[in-house]
*Asks:* 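Sharing a structure here in structure tokens format.
Remember, it's a predicted structure, so these values are computed and weren't measured experimentally.
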Amino acid sequence: MTMAGLPALADVCDVDLVAVALFEYGASVGLKLRRAGLLRHMQSEFICAVASAGYASQRRVEASPATAKQMPMLYVLDMCADCPDEVLVALLPVGACPGSLLRAACMRNHLATAQLLLDHGGELHQVEARRGHRRSLVDMATRGASLDGDWRLTMRLLRLGARAESVQAALFAPLRCGDVDLARELVALNVLPDAEGLAGLLCDVCAHGATTSAAFLLDEVRVPVNARSGRDGDTCTDRAIAWQCWETAEWLVASRAGAPAKPQAALAVLLD
């Protein structure tokens with residue numbers, strides 16, 4: 001059959017077979033095309049039914065009970081884009097747990113999907129414990145945001161009342177890149193470590209040469225310049241010298257009275 005004959009095929013069958021084949025892999029494209037007015041001859045119910053049937057056929061692949069339970073979450077983790085339509089049509093009607101899907105959406109930093117799942121009963125304050133570490137939805141979203149630069153989901157969760165388990169890591173992500181405005185917003189939403197965490201955060205920021213972020217912590221958050229990290233006893237000056245961030249180290253010493261807690265180690269780096 002030639003390409004010229006394809007339009008006639010749709011007329012004969014009264015169905016666009018190419019579109020139906022796409023719907024079997026998900027409803028999102030079809031629903032968006034219909035909203036744009038390009039598929040007015042197809043009802044939303046038909047698009048959703050085709051997508052649900054396509055998803056059901058994929059789930060018939062033999063799997064262990066544990067794998068079968070995880071399949072909806074893996075489906076969300078594997079989505080290339082933020083497609084709440086897919087979740088609404090393919091997963092929630094077959095009994096998928098909104099809470100586990102919400103975790104997957106936060107891991108992928110998918111704002112619209114996460115909001116849909118919150119609206120359908122996903123638990124906002126859930127915490128996942130894995131290998132001795134606790135992660136909230138904010139922690140999961142923050143990791144995604146630090147990779148793609150989209151902080152809308154993190155800010156949305158915080159404004160709804162969710163909290164980070166790893167507060168220091170959440171605040172370090174923007175400070176490492178010198179994004180003080182974002183860090184200021186996070187602090188305003190109570191993303192603020194305790195005194196020991198702030199001392200460690202200042203050391204980590206200076207080890208990355210983020211002088212602007214160091215100034216924010218010193219001037220606005222009021223972290224003492226010579227506070228010592230609880231991990232190794234370093235001050236921020238120690239850390240800047242150890243990582244050879246000379247501009248930051250000079251600024252700390254000359255402008256903020258910073259001093260190394262381990263002068264011999266600092267001298268060894270300077271003479272090396």
*Asks:* Say you draw a straight line from CZ of Arg156 to SG of Cys106; how long is it, rounded to the nearest 0.5 Å?
*Replies:* 12.0 Å
*Asks:* Hey, what do you get for CZ (Phe172) to OG (Ser166), rounding to the nearest 0.5 Å?
*Replies:* 11.0 Å
*Asks:* Name the residue from Leu171, Thr248, Asp179, Leu175 that meets the side-chain contact (heavy atoms from CB on, under 4.5 Å) definition with Ser213.
*Replies:* Leu175
*Asks:* So how far is it from Leu118 CG to Leu102 CG, rounded to the nearest 0.5 Å?
*Replies:* 5.0 Å
*Asks:* Drop me the distance from Leu252's CG to Thr237's OG1, to the nearest 0.5 angstrom.
*Replies:* 4.5 Å
*Asks:* Which other residues end up in the same hydrophobic cluster as Leu147, if Ile, Leu, Val, Met, Phe, Trp and Tyr are linked when side-chain heavy atoms come under 4.5 Å apart?
*Replies:* none
*Asks:* Taking only residues at least two apart or on different chains, which pairs with a member in residues 97-120 satisfy ring pair (Phe, Tyr, Trp, His ring centres under 6.0 Å)?
*Replies:* none
*Asks:* Would you mind listing every ring pair (Phe, Tyr, Trp, His ring centres under 6.0 Å) that reaches into residues 122-141, with sequence neighbours excluded?
*Replies:* none
*Asks:* What distance do Leu157 atom CG and Leu153 atom CG have between them, rounded to the nearest 0.5 Å?
*Replies:* 4.5 Å
*Asks:* State whether Arg239 and Asp234 are salt-bridged, where the test is any N-O pair (Lys NZ or Arg NE/NH1/NH2 against Asp/Glu carboxylate O) under 4.0 Å.
*Replies:* yes
*Asks:* Between atom CD of Glu185 and atom CE of Met155, what is the distance when rounded to the nearest 0.5 Å?
*Replies:* 4.0 Å
*Asks:* Within a radius of less than 6.0 Å around CZ of Arg134, do more than 12 heavy atoms belonging to other residues, nucleotides or ligands occur?
*Replies:* no
*Asks:* Less than 4.0 Å between a side-chain N and a carboxylate O, is that true for Arg108 and Asp148?
*Replies:* no
